[in-house]
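One structure is given below, encoded as structure tokens.
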Amino acid sequence: MEQDVSDGRHGGRVITRFPPEPNGYLHIGHAKSICLNFGLPRDLADKVPAGVAVRCHLRFDDTNPIKEEQEYIDSIKEDVRWLGFDWGEHEYHASDYFDQLYEWALVLIRAGKAYVDDQDGETIRLTRGTLTSPGEASPYRQRSVEENLDLFERMRKGEFPDGSRVLRTKIDMASPNLNMRDPVIYRILHARHPRTGDKWCIYPMYDWAHGQSDWIEGVTHSICTLEFEAHRPLYDWFIEQLQAEGVQPPAAADRPRQYEFARLNLSHTIMSKRKLLELVRGGHVRGWDDPRMPTLCGLRRRGYTPEAIRNFCDTIGVTKYNAVTEVSLLEHCLRDDLNRRAPRVMGVLNPLKVVIENYPDGEVEHFDAVNNPEDPAAGTRKVPFSRVLYIEREDFMEDPPRKYFRLYPGNEVRLRYAYLVTATKVVKDEAGHITEIHCRYDPDSRGGNAPDGRKVKGTIHWVSAAHAIDAEVRLYDHLFKCADPDDVPEDGSFLDNLNPESLKVSHGCKVEPSLADAGPGHICQFERLGYFCIDPDTTPENLVVNRTCTLRDTWARIAGRKQGG
RNA sequence: UGGCCCGUAGUUCAAUUGGCAGAACGCCUGACUCUGGAUCAGGAGGUUCCAGGUUCGAGCCCUGGCGGGCCAGCCA
């Protein structure tokens with residue numbers, strides 16, 4: 001689509017825009033649009049002669065002051081930057097064009113192509129007709145230019161209450177495209193605008209503001225989602241009418257074209273701003289940045305990286321087919337990126353005490369541990385080892401099934417980077433719960449190498465009890481328990497599909513001391529467990545860690561398969 | 001029941017614009033490994049929604065169906 005354009009149209013210029021309405025937080029669906037709009041010109045930059053404009057604007061579609069807030073504007077800018085995109089000087093607001101839009105509305109009125117309608121919203125709706133029947137003309141449709149000019153001026157001055165009058169364009173009440181049945185382009189809203197304050201009490205509708213904003217900015221490719229397809233004839237109509245009246249935008253740009261693509265749908269989550277808001281308001285999540293939310297700030301807190309999200313957006317492609325992408329693809333992109341960058345550490349989520357019987361009490365050794373096998377430049381670190389350790393409770397079984405090659409009585413495993421140990425004794429409390437394991441270590445296996453070359457199947461992670469840092473770990477799962485949360489019976493709600501186990505908090509987890517210096521946002525891999533990041537809730541007394549995602553776990557699949565029969 | 005858009009592997013997308021239907025993810029098998037991770041190799045998986053037509057040749061063009069989406073805000 002865009003290749004055709006780079007060979008000729010618009011003089012080679014490619015100017016796109018990302019046009020959020022500042023009425024909520026950006027989510028992964030917006031990321032698709034951001035990557036598309038910013039990515040297109042970025043990728044074309046070196047294929048175009050010097051001096052030819054190739055860029056993406058950030059434009060806030062702030063035409064409805066009732067729903068929009070500065071808070072959202074700030075968060076949107078932060079999120080777009082975080083994703084790795086830069087709009088340079090090209091930050092705009094539809095509200096920047098309110099004066100121009102007003103002037104152009106006058107042009108339409110003078111040309112007899114717009115009129116003030118005194119009917120109320122209900123009446124306008126009723127007379128618009130239906131999908132199969134034409135609408136009826138408003139009794140005010142034939143007002144004189146002078147009367148329209150006068151009324152519109154008085155609308156602007158604030159002489160009329162909200163909802164009493166609107167400015168409509170005169171197109172075709174019988175059009176099969178409902179958007180062409182004399183759409184409203186101005187409504188009266190006595191509301192304070194975050195940017196223009198009380199200057200206006202009439203505000204342009206989306207259709208009137210969007211295309212003309214594109215035109216003013218010299219946008220060449222106005223890329224939006226599928227539901228605006230039916231608006232394209234209107235988009236074109238406005239510009240054609242203005243051109244017919246001899247209007248040119250200040251920049252004298254040729255007219256922009258609108259293109260549509262399918263918005264992102266992700267399984268196991270929802271993307272609707274309204275429903276997201278419902279989750280927040282209803283206390284089903286802790287806020288917009290809850291790590292289970294598909295919002296960009298939620299994903300960021302969860303430990304997602306901009307690279308992972310961008311790669312995901314590249315992978316899913318762009319079509320007009322209304323598709324549902326599996327979350328597993330997003331998670332694959334996440335792991336792919338984290339695998340390359342996340343430093344490895346050892347952490348024990350569900351600690352089980354291990355005493356090395358034949359290891360001297362009070363002695364401490366430090367072993368070299370590789371920070372990232374995928375990145376030699378990441379170097380190594382020292383990990384302390386002593387007589388009393390913690391291992392993962394799941395890494396010991398008193399009575400193991402076949403093909404279980406972790407610790408069990410009599411079996412030898414490797415404590416990663418440290419020693420080979422063999423379980424000798426199981427200690428239990430009165431209730432029969434295992435409270436600790438005793439092992440013997442092979443002093444000749446220092447560093448984890450079998451002196452005689454004997455094969456040791458299992459390698460498990462551990463943390464020295466005396467040196468461990470306590471941590472609270474938050475384990476996340478999909479927010480919804482089924483692929484399509486909106487798939488509910490007639491009287492049901494998407495809330496019925498919330499996954500009750502989407503958050504599990506583990507207290508008393510033990511992590512290696514190297515994590516002491518890491519601050520909020522720090523990402524790492526707990527070996528064999530998954531990727532984790534430090535949550536902003538962390539205090540000097542309480543380390544809080546989010547599990548970003550698990551590692552791919554073949555054993556869990558095998559075990560699950562057996563259980564499931 | 002009007003108009004517009006879309007139908008290719010379980011999923012997301014390709015197919016040099018009419019020339020042997022492919023990739024990635026997922027799934028399965030194997031190799032390797034001091035992460036049961038990663039990596040590597042292999043495998044299964046298709047009536048290209050259906051039916052006609054044009055053509056030497058159709059996923060692609062034409063006609064008609066079927067299925068899905070969007071549109072009746074003074075939201076965007």
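Below, all heavy atoms of this structure are taken into account, side chains as well, without hydrogens, waters or symmetry copies. In this text the structure is predicted, and so the values were computed from the model without any measurement. Quick note on labels: first sequence line is chain A, next is B, and so on, each numbered from 1.
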Between [N] ([atom2]) and [X] ([atom1]): distance, integer Å:
| X | N | atom1 | atom2 | answer |
| --- | --- | --- | --- | --- |
| A:Asp314 | B:rC25 | CG | P | 15 Å |
| A:Tyr417 | B:rU33 | OH | P | 16 Å |
| A:Arg414 | B:rG36 | CZ | C1' | 14 Å |
| A:His332 | B:rC27 | NE2 | P | 11 Å |
| A:Leu264 | B:rC13 | CG | C1' | 14 Å |
| A:Phe532 | B:rU35 | CZ | C1' | 13 Å |
| A:Asp375 | B:rU35 | CG | P | 17 Å |
| A:Leu330 | B:rU11 | CG | P | 18 Å |

Do the two ring centres, one from A:Tyr531 and one from A:Phe526, sit under 6.0 Å apart?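 No.
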
Using the side chain to side chain contact (heavy atoms under 4.5 Å, CB included) criterion, which residues pair with [X]? Sequence neighbours excluded.
| X | result |
| --- | --- |
| A:Met271 | A:His27, A:Ile28, A:Leu264, A:Leu266, A:Pro294 |
| A:Val324 | A:Asn265, A:Ser267 |
| A:Leu126 | A:Glu122 |

Return whichever of A:Val184 or A:Ile460 has its heavy-atom-nearest nucleotide of RNA chain B closer to the 5' end.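 Nearest nucleotide further toward 5': that of A:Ile460.
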
Ranking A:Ser445 and A:Pro19 by the position along RNA chain B of their nearest nucleotide, the one closer to 5' is A:Ser445

By the rule that syn is within 90° of 0, classify the base conformation of B:rU17 as syn or anti. syn

How would you label the glycosidic angle of B:rG57: syn (within 90° of 0) or anti?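 Classified anti.
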
Answer whether the closest heavy-atom distance between the side chains of A:Thr225 and A:Glu260 falls below 4.5 Å. no

Excluding sequence neighbours, so at least two apart, what forms side chain to side chain donor-acceptor pair (under 3.5 Å) with A:Asp62?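 Here the qualifying residues are A:Ser95.
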
Holding to side chain to side chain donor-acceptor pair (under 3.5 Å), I want the full list of residues that pass it with A:Ser138, two or more places apart in sequence or in another chain.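 By the side chain to side chain donor-acceptor pair (under 3.5 Å) rule, A:Ser138 matches A:Asp117, A:Gln119.
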
Determine the interatomic distance between [atom1] on [N] and the same-named atom on [M]; round to the nearest Å.
| N | M | atom1 | result |
| --- | --- | --- | --- |
| B:rG22 | B:rU16 | C1' | 13 Å |
| B:rU29 | B:rG64 | C1' | 47 Å |
| B:rU17 | B:rU33 | P | 48 Å |
| B:rA51 | B:rG67 | P | 16 Å |
| B:rA44 | B:rG7 | C1' | 25 Å |
| B:rG30 | B:rC66 | P | 49 Å |
| B:rG26 | B:rU11 | P | 16 Å |
| B:rU55 | B:rG65 | P | 24 Å |

Closest to side chain of A:Thr132, choosing from B:rC75, B:rG2, B:rC74: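 My answer, after comparing the listed nucleotides, is B:rG2.
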
Counting heavy atoms from C-beta on, name the nucleotide in B:rC5, B:rU8, B:rG36 closest to the side chain of A:Arg406.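 It is B:rG36.
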
Atom pairs, N/O to N/O, protein against nucleotides 69-73 of chain B, distance under 3.5 Å?
unit_1: B:rG69; atom_1: O2'; unit_2: A:Asn322; atom_2: ND2; d: 3.3

Categorize A:Asp120 for me: base, sugar-phosphate, or nothing, with a 4.0 angstrom heavy-atom threshold over every strand shown.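 A:Asp120: base contact, heavy atoms under 4.0 Å.
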
side-chain hydrogen bond (donor to acceptor under 3.5 Å, both in side chains) between A:Tyr235 and A:Asp214, intermediate numbers included: CA-CA 10 Å; A:Tyr235 183 102; A:Asp214 286 342; 2.7 Å; yes

Does B:rA76 have OP1 or OP2 sitting under 4.0 Å from an N or O in the side chain of A:Thr63?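 Checking B:rA76 against A:Thr63, a side-chain N or O does come within under 4.0 Å of OP1 or OP2.
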
So does A:Arg187 get a side-chain nitrogen or oxygen closer than 4.0 Å to the phosphate oxygens (OP1/OP2) of B:rC75? yes

Run the salt bridge (charged side-chain N to carboxylate O under 4.0 Å, His left out) test against A:Lys157 and tell me which residues pass, sequence neighbours left out. A:Glu153

Do A:Tyr115 and A:Asp182 have side-chain N/O donor and acceptor atoms under 3.5 Å apart? yes

Mind listing the side-chain donor-acceptor pairs of residues 325-332 of chain A below 3.5 Å, one per line with the distance, residues two or more places apart or on another chain?
unit_1: A:Glu326; atom_1: OE1; unit_2: A:Ser328; atom_2: OG; d: 3.4

For a quick check, with a 4.0 angstrom heavy-atom cut-off, what is the B/S/- contact string for nucleotides 37-46 of chain B, read 5' to 3'? BS--------

